Amino acid sequence: MEFSHIPVLLAETMQGLAVRPDGIYIDGTVGGAGHSREIASRLRQNGLLIGLDRDLDAVETATERLRGFPAKVIHSNYSEIRQVLQDLQIPGVDGVLLDLGVSSHQLDTAERGFSYHADAKLDMRMSQEGLSAYDVINTWDEQALRKILWEYGEEKFAGNIARQIVQTRQTAPVETTGELAELIRQAVPAKYRREKNPCKKTFQAVRIAVNDEFGHLKTGLTAAFDCLKPGGRLAVITFHSLEDRIVKQQFAQWCAGCICPPDFPQCVCGRVPRARLIFRKPVTASSQELEANSRSHSAKLRVLEKAEKRGDERFS
Ligand SMILES: C[S@@+](CC[C@H](N)C(=O)[O-])C[C@H]1O[C@@H](n2cnc3c(N)ncnc32)[C@H](O)[C@@H]1O
């Protein structure tokens, strides 16, 4: 199956990263190499693009698509950026891009078990190894299921759906995306079922849990920031409010200066900003992009630049 994925906010991301021709860049979510090719095509002299992905299908495709460019593609989780750079003996980079979530290729490949639009064995593993959606749905207890549906899906019928999952699997395991979709429909009120697809939030929540997306995002943001040279840039594209909140809060912390109460005559906290925001507000898709690519509807791009001088050590 052809790897098809339209990169979102491409021009805006390039503007945000302000690629230096001799710079070293990491695309931590290389996918189909849409963003990576654009970065790599701007590199000259000793410039290098390092593409990472936890999915071997993406690694294979990106390796092919980046042939002839100054690029290396590595099978790795972006939360392991430090180790990757250490292995390559690269002390720091000029920019890191994280384009979060799943690719269209992963969603559209039915047998990867991500989608409620096709019936396939429950899977949802980006890395194609370890804990799967089948394991989560068939072994986690009702409370743990309710918790992820609520926290990672903001599903208001989390309790009903978790109960229905546990009841259903008492007879036989829930094997497929189709079976999960059907039991979600049974668990929610008819009105909700008619309004929107009632499966979206549960599928999102299970996918986040299976891939520990928030855990890797939190670790990966800090690791990426630490690997930036002074003046280096970090660009992150998010697709839902939960992951955007993690990025927004972490960026705000790095960009914050003095936190002394306003009535203090002088600063005693000693905190100085470790970064500055490149765009004051998150960048969203233009009307042309919204028309051309439905995935761009929820996309938000945030970019920061690491300060030239490191801030106070107390600022963590
Ligand atoms: C939205 S797609 C990226 C698309 C890419 N920017 C392009 O233009 O083709 C997200 C990719 O990131 C990968 N991914 C998600 N989380 C990851 C992680 N923690 N570490 C490495 N890769 C990850 C997924 O496997 C997927 O291929």
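Indexing begins at 1, ligand by ligand and atom by atom, following the structure's order. Predicted, not measured: the structure shown is a model, and the values here were computed from it.
Among protein heavy atoms, atom 19 (N) of ligand 1 sits closest to Asn77 OD1, 2.9 Å. Atom 7 (C) of ligand 1 has its closest protein heavy atom at Gly34 N, 3.5 Å. Looking only at protein heavy atoms, the nearest one to atom 15 (C) of ligand 1 is Met126 SD, 3.2 Å. Regarding atom 9 (O) of ligand 1, its nearest protein heavy-atom neighbour is Gly32 N, 2.9 Å. Distance from atom 20 (N) of ligand 1 to its nearest protein heavy atom, with residue and atom name: Tyr78 N, 2.9 Å. Among all non-hydrogen protein atoms, the one lying nearest atom 17 (C) of ligand 1 is Arg54 CD, 3.4 Å. Taking atom 12 (O) of ligand 1 as the reference point, the nearest protein heavy-atom neighbour is Thr29 CB, 3.2 Å. Annotation: atom 10 (C) of ligand 1 to nearest protein heavy atom, Gly101 O, 3.2 Å.
If you look at Ser76 next to ligand 1, the close heavy atoms, those under 4.0 Å, all belong to the backbone. Of the heavy atoms in Ala33, only backbone atoms (N, CA, C, O) come closer than 4.0 Å to ligand 1. Contacts between His35 and ligand 1, counted as non-hydrogen atom pairs separated by less than 4.0 Å, involve both the backbone and the side chain. Residue contacts with ligand 1 for Asp27 are absent, since no atom lies close enough (heavy atoms, distance under 4.0 Å). Within the 4.0 Å heavy-atom criterion, the part of Gln106 lying near ligand 1 is the side chain and not the backbone.
Which parts of ligand 1 touch Arg295 is read off a 4.0 Å heavy-atom cut-off, strictly below it: atoms 1 (C). Within ligand 1, counting atoms from 1 as listed, the ones closer than 4.0 Å to a heavy atom of Leu100 are 1 (C). Interface of Gly28 with ligand 1, defined as ligand atoms under 4.0 Å from a residue heavy atom, comprises 21 (C), 22 (N).
The same ILVMFWY cluster, assembled from side-chain heavy atoms under 4.5 Å apart, contains both Leu85 and Phe225. Cluster membership check: Ile26 does not share its hydrophobic cluster with Leu10, using side-chain heavy-atom separations under 4.5 Å among Ile, Leu, Val, Met, Phe, Trp and Tyr. Under the 4.5 Å side-chain heavy-atom criterion for ILVMFWY residues, no single connected hydrophobic cluster contains both Ile278 and Leu98. Under the 4.5 Å side-chain heavy-atom criterion for ILVMFWY residues, a single connected hydrophobic cluster contains both Tyr134 and Val102.
Put simply, the side chain of Arg65 gets close to the backbone of Gly32: a donor and an acceptor are under 3.5 Å apart. At least one donor-acceptor pair closer than 3.5 Å links the side chain of His75 to the backbone N or O of Arg54.
Under a cutoff of 6.0 Å and an axis angle of 45°, Arg37 and Phe69 do not form a cation-pi pair.
Residue contacts with ligand 1: His216 is placed with no nitrogen or oxygen under 3.5 Å of a nitrogen or oxygen of the ligand (distance criterion only).
Taking a 6.0 Å sphere around NZ of Lys121, one finds it holds more than 12 heavy atoms contributed by other residues, nucleotides or ligands. For Asp141, the CG atom sits in a packed shell: over 12 heavy atoms of surrounding residues, nucleotides or ligands are nearer than 6.0 Å.
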Run the salt bridge (charged side-chain N to carboxylate O under 4.0 Å, His left out) test on Asp123 and Arg125 for me, step by step, so that the C-alpha distance in whole Å, both residues' side-chain angles and the decisive distance to 0.1 Å come before the verdict. CA-CA 6 Å; Asp123 192 324; Arg125 294 173 297 179; 2.8 Å; yes
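Relative ring orientation between Phe203 and Tyr116 is described as perpendicular, the plane-to-plane angle rising above 60° on a 0-90° scale split at 30° and 60°.
Residue Ile6 places no heavy atom under 4.0 Å from ligand 1.
For atom 24 (C) of ligand 1, the nearest non-hydrogen atom from the set Asp53, Asp55, Leu97, Val102 belongs to Asp53.
Side-chain contact check for Leu242 versus Glu154: some heavy-atom pair is nearer than 4.5 Å.
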